[in-house]
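Side chains are part of it too, since the values below use all heavy atoms of this structure and drop only hydrogens, waters and symmetry mates. Chain naming here is simple, since letters A, B, ... match the order of the sequence lines and numbering starts at 1 in each. Quantities reported herein were computed from a predicted structural model and do not represent experimental measurements.
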There are 2 protein chains.
Amino acid sequence: MKQKFRSNCPISSALDLIGDKWSLLIIRDMMFSGKKTYSEFSNSNEKIATNILSNRLSMLEELEIINKGKLEGNKKTNIYSLTQKGKELLPIIMEIAQWSDNNLNDHLQDGAKPFVSKFKSDKEEFVQNMYTLFEKREG
Amino acid sequence: MKQKFRSNCPISSALDLIGDKWSLLIIRDMMFSGKKTYSEFSNSNEKIATNILSNRLSMLEELEIINKGKLEGNKKTNIYSLTQKGKELLPIIMEIAQWSDNNLNDHLQDGAKPFVSKFKSDKEEFVQNMYTLFEKREG
DNA sequence: GATTTTTACTTGCATTATGAAAGTTATTAC
DNA sequence: GTAATAACTTTCATAATGCAAGTAAAAATC
């Protein structure tokens, strides 16, 4: 784990870890689409290159943002899941979504509006509901 | 403005604009250190290269996240300021700070703790107080 | 008013990261 | 046994970043 932090600023340090163009999109897909395998991530709307995907999955695992596991009876498919550290990225992602919803209206479609709306009206509740959903998925 | 968005997802789109390792640090310095000139940004703890700084300032200006102006009687120094769109990045930055505060304890010093604490205990109030501070700076 | 310093950059080049496409290996399905 | 799937790795082109030095205009100093 060659963590070359630029400083000990919490913002700078977080960006050193997850401040690239792909990491948060993988987390997004895990959170909102329930994706958990390599091929599911590979089919994202944004067409991540497979070498980058592979690299990001191992980085996120090394950072303990995600876990890598298997299902019993299947030696082939890797199942990725969010750790607590990973789940706690939700508020960041939602604030990003809200910012875009407020400020990128020229570009964005209205598809995400109801979703972001719920977050806006009660952030605490939204986040708690999502955390409950994460637990439900884990069974 | 060659905006090559990877998709119309609000999260992906925001990352297309500000999802690099430097943009949010410039914004951070404007918000929390009141920095407003090229040379002030240049002296950040993280040692941004001058060509990157120059590039990011013009990109952020093009995106209408910051404004570029002058003070009367000074033809030399450029004064950069946050637009509304830029100020609204505060909640994202604070959630990032909170995440680091919660999850990067091995790395971070305790300097930022009281600051993040205030955000944790009442986010709404913290954000409003900062917005008031921004206005005060603008005079 | 000439010289130095400051401010805000730009340029050139090395290094690193990303992107696209094809290839590889192990596992599972047929 | 053969084909398809899942999860990668490799190669190579392109783009982004980092470093060092240089430039030009304005301001401060002598």
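A donor atom on one side chain and an acceptor atom on the other are found under 3.5 Å apart for B/S23 and B/D20. A donor atom on one side chain and an acceptor atom on the other are not found under 3.5 Å apart for B/N67 and B/E61. Side-chain atoms of B/S7 and A/E46 form a donor-acceptor pair, as typed in the model, at a separation below 3.5 Å.
Rounded to an integer number of Å, the gap from B/K21 NZ to C/dT15 C1' is 16 Å. Following rounding to the nearest Å, B/R56 (CZ) and D/dG18 (C1') show an atom-to-atom distance of 12 Å. Between the C1' atom of D/dC12 and the CD1 atom of A/I52 lies a distance of 14 Å, rounded to the nearest Å. Here D/dT17 presents its C1' atom at 14 Å from CD1 of B/I26, a figure rounded to the nearest Å. Following rounding to the nearest Å, B/L25 (CG) and D/dT17 (P) show an atom-to-atom distance of 13 Å. If you take NZ of B/K76 and C1' of D/dT23, they are 14 Å apart, rounded to a whole angstrom. Rounded to an integer number of Å, the gap from CD1 of A/I18 to C1' of C/dA17 is 18 Å. Distance A/M59 CE to C/dT16 P: 14 Å, rounded to the nearest Å.
Comparing A/I48 and A/G73 along DNA chain C, the residue whose closest nucleotide (by nearest heavy atom) sits nearer the 5' end is A/I48. Place A/W22 and A/K75 on DNA chain C by their nearest nucleotides, and A/W22 ends up nearer the 5' end.
Annotation for B/K70: atom NZ counts as buried by contact number, over 12 foreign heavy atoms lying within 6.0 Å.
A/K123 has a carboxylate O that lies under 4.0 Å from a charged side-chain N of A/E95, or vice versa, which qualifies the two as a salt bridge. No salt bridge links A/K68 with A/E62; every basic N to acidic carboxylate O contact stays at or beyond 4.0 Å. Taking 4.0 Å as the cut-off between side-chain N and carboxylate O, B/E138 and B/K87 count as a salt-bridged pair.
A heavy atom closer than 4.0 Å to some atom of DNA chain D occurs in no member of residues 31-47 of chain B.
Of the candidates C/dG19, C/dA22, D/dG18, C/dG19 carries the atom nearest the A/A49 side chain, counting heavy atoms from C-beta on.
In terms of phosphate contacts, B/N51 brings no side-chain nitrogen or oxygen within less than 4.0 Å of OP1 or OP2 of C/dC9. Taking side-chain N and O atoms only, B/N78 has a distance below 4.0 Å to OP1 or OP2 of C/dC9. For A/K68 and D/dC8, the shortest distance from a side-chain N or O to OP1 or OP2 is below 4.0 Å. Side-chain N/O atoms of A/S54 include one lying less than 4.0 angstrom from OP1 or OP2 on D/dT9.
Under 3.5 Å, the side chain of B/T77 and the base of C/dT6 form no donor-acceptor pair of N or O atoms.
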